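Contents: one structure, followed by commentary.
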Amino acid sequence: MRSQWRFLMVAGLLGCTAFLMHGCNRGEIIPAHPALSSFPHTLQNWTSTDISIPQEVREVLGPGDFLLRDFQNRTNGANVDLFVAYFPSQRSGDTIHSPKNCLPGAGWAPVQADQLTVSFPGHAAFPVNRYLIAKGADRRLVFYWYWAHDRALASEYWAKFYLVEDSVRMHRSDGSLIRVTTQLVPGETIDSGQERLLALAGNVVPLINVYVPR
């Protein structure tokens with residue numbers, strides 16, 4: 001019963017979003033921004049290598065700018081993947097896909113889901129989704145959040161709400177999803193993996209407004 005109500009709420013929210021945005025479709029502002037491919041490969045002790053995103057995945061994501069990189073910490077050898085998806089316009093139905101929908105579709109089973117408030121230099125504290133997933137013996141810890149116009153949100157519903165508000169008020173519908181992921185070795189605690197995610201995210205967040213326009 002609970003899941004049924006949740007489905008109806010999401011369906012209603014998406015319907016209202018599409019209706020309101022269609023009515024505001026004229027005069028949309030598409031801001032210029034540097035390509036995500038120009039995001040720094042080196043962040044303090046972190047170096048990185050690009051990971052290719054398959055064409056079939058890009059087709060599912062829709063028109064946008066995407067970055068997927070594997071960052072390695074030169075001090076302790078830690079690995080964290082960074083994924084950023086930026087959509088210059090979401091008025092044609094190409095909206096941000098929630099990892100809670102995409103990851104299970106890729107074979108990852110959800111183990112634990114909650115939220116965590118984080119604080120990084122140059123930005124007020126904000127909530128992120130903390131998501132533990134597994135595929136066989138492989139466990140991964142994921143942080144993800146929605147970012148638009150210097151506003152960070154964990155809730156998909158609030159992201160949709162502000163998408164409509166920004167479309168009406170600013171004539172903009174651009175926005176992004178930011179996700180960091182790390183593999184947990186056998187027996188490793190969530191807290192240990194979380195330290196790695198926070199360490200990389202602390203270097204990423206101060207740069208995001210350069211690539212996702214305010």
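Every value quoted in this text rests on a predicted model; they were computed, and no experiment measured them.
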So which atom in N79 and which in T182 form the shortest heavy-atom distance, rounded to 0.1 Å? O-OG1, 2.8 Å
Here the ring pair (Phe, Tyr, Trp, His ring centres under 6.0 Å) pairs for residues 178-214, sequence neighbours left out, are F39-Y211
Expected output: side-chain K100 to main-chain Y131 donor-acceptor under 3.5 Å: no
For the OG1 atom of T47 and the CZ atom of R69, what is their distance to the nearest 0.5 Å? 11.0 Å
Cluster question for you: counting only ILVMFWY and a side-chain heavy-atom cut-off of under 4.5 Å, with indirect links fine, are F143 and V80 together? yes
If you take all heavy atoms of Q90 and I96, which pair is closest and at what distance? OE1-N, 3.4 Å
Group every Ile, Leu, Val, Met, Phe, Trp and Tyr by side-chain heavy-atom contacts under 4.5 Å, then state whether V142 and V57 land in the same group. yes
E165 vs R151, test: salt bridge (charged side-chain N to carboxylate O under 4.0 Å, His left out). Steps then yes/no. CA-CA 13 Å; E165 181 184 82; R151 181 177 56 239; 5.0 Å; no
Test of understanding: with side chain to side chain donor-acceptor pair (under 3.5 Å), list the residues that count as partners of S176, not counting sequence neighbours. none
What is the distance from atom CD of Q44 to atom CG of L200, rounded to the nearest 0.5 Å? 10.5 Å
Is it the case that one hydrophobic cluster holds both Y144 and I190, taking links as side-chain heavy atoms less than 4.5 Å apart, direct or via other members? no
Considering all heavy atoms of both residues, which atom of P88 and which atom of G64 are nearest to each other, and what is their separation? CD-CA, 4.1 Å
Spacing of I133 atom CD1 and D138 atom CG [to the nearest 0.5 Å]: 8.0 Å
Transitive ILVMFWY side-chain link M170 to I208, under 4.5 Å: no
Going by side chain to side chain donor-acceptor pair (under 3.5 Å), name the residues that satisfy it together with S155, two or more places apart in sequence or in a different chain. none
Would you say V180 ends up clustered with L43 if hydrophobic residues are merged whenever their side chains have heavy atoms under 4.5 Å apart, either directly or through other cluster members? yes
Per side chain to side chain contact (heavy atoms under 4.5 Å, CB included), D50 is matched among L67, L68, D70 by L67
Q115 CD: over 12 foreign heavy atoms closer than 6.0 Å: yes
Partners passing side chain to side chain donor-acceptor pair (under 3.5 Å) against Y86 (at least two apart in sequence or in another chain): D174
Nearest 0.5 Å, please: how far is CG in L163 from CG in L153? 11.0 Å
Apply side chain to side chain contact (heavy atoms under 4.5 Å, CB included) to residues Q183 and R140 and explain how you reach the verdict. CA-CA 4 Å; Q183 184 177 32; R140 310 253 170 133; 3.9 Å; yes
Which heavy-atom pair separates P40 from L207 by the least distance, and what is that distance? CG-CD1, 4.0 Å
Could you go step by step and tell me if N73 and R196 meet the side chain to side chain contact (heavy atoms under 4.5 Å, CB included) rule? CA-CA 9 Å; N73 190 298; R196 294 196 292 277; over 6 Å; no
What are the two closest non-hydrogen atoms of P206 and P121, and how far apart are they? CG-O, 3.8 Å
Sequence neighbours excluded, which residues qualify as side chain to side chain donor-acceptor pair (under 3.5 Å) partners of R179? none
Could you pull out all residues at least two apart from S37 that satisfy side-chain contact (heavy atoms from CB on, under 4.5 Å)? A35
D191: side-chain contact (heavy atoms from CB on, under 4.5 Å) partners, not counting sequence neighbours: T189
Tell me, which pairs form a side chain to side chain donor-acceptor pair (under 3.5 Å) where one or both residues lie in residues 53-67, sequence neighbours left out? none
Sequence-distant partners of A125, side-chain contact (heavy atoms from CB on, under 4.5 Å), two or more places apart: T117, S119
Got W145 and V118 here, is their nearest side-chain heavy-atom distance under 4.5 Å? no
Tell me the ring pair (Phe, Tyr, Trp, His ring centres under 6.0 Å) pairs involving residues 172-197, sequence neighbours left out? none
T181 OG1 to L103 CG distance, which is reported to the nearest 0.5 Å: 7.0 Å
Scan for ring pair (Phe, Tyr, Trp, His ring centres under 6.0 Å) pairs involving residues 102-123, sequence neighbours excluded, and state none if there are none. H123-F126, H123-W147
If you compare all heavy atoms of R139 against all heavy atoms of V185, which two are closest, and at what distance to 0.1 Å? NH2-O, 3.7 Å
What's the verdict on side chain to side chain contact (heavy atoms under 4.5 Å, CB included) for V128 and L197, showing C-alpha distance, side-chain angles and the deciding distance? CA-CA 11 Å; V128 301; L197 296 184; over 6 Å; no
When rounded to the nearest 0.5 Å, the distance separating CD1 of I29 from OG of S89 is 12.0 Å
If we ignore hydrogens and angles and just use 3.5 Å, is the side chain of R130 paired with the main-chain N or O of Q112 as donor and acceptor? no
Please answer whether the main-chain N or O of H41 pairs with a side-chain N or O of S48 as donor and acceptor at a distance below 3.5 Å. yes
Pair D166-R172, salt bridge (charged side-chain N to carboxylate O under 4.0 Å, His left out): steps then yes or no: CA-CA 6 Å; D166 292 343; R172 287 172 57 182; over 6 Å; no
Using atom types as modelled and distance alone, determine if a side-chain donor or acceptor of N129 lies under 3.5 Å from a backbone N or O of A154. yes
Residue pairs fulfilling ring pair (Phe, Tyr, Trp, His ring centres under 6.0 Å) with at least one residue in residues 49-85, sequence neighbours excluded: F66-F87
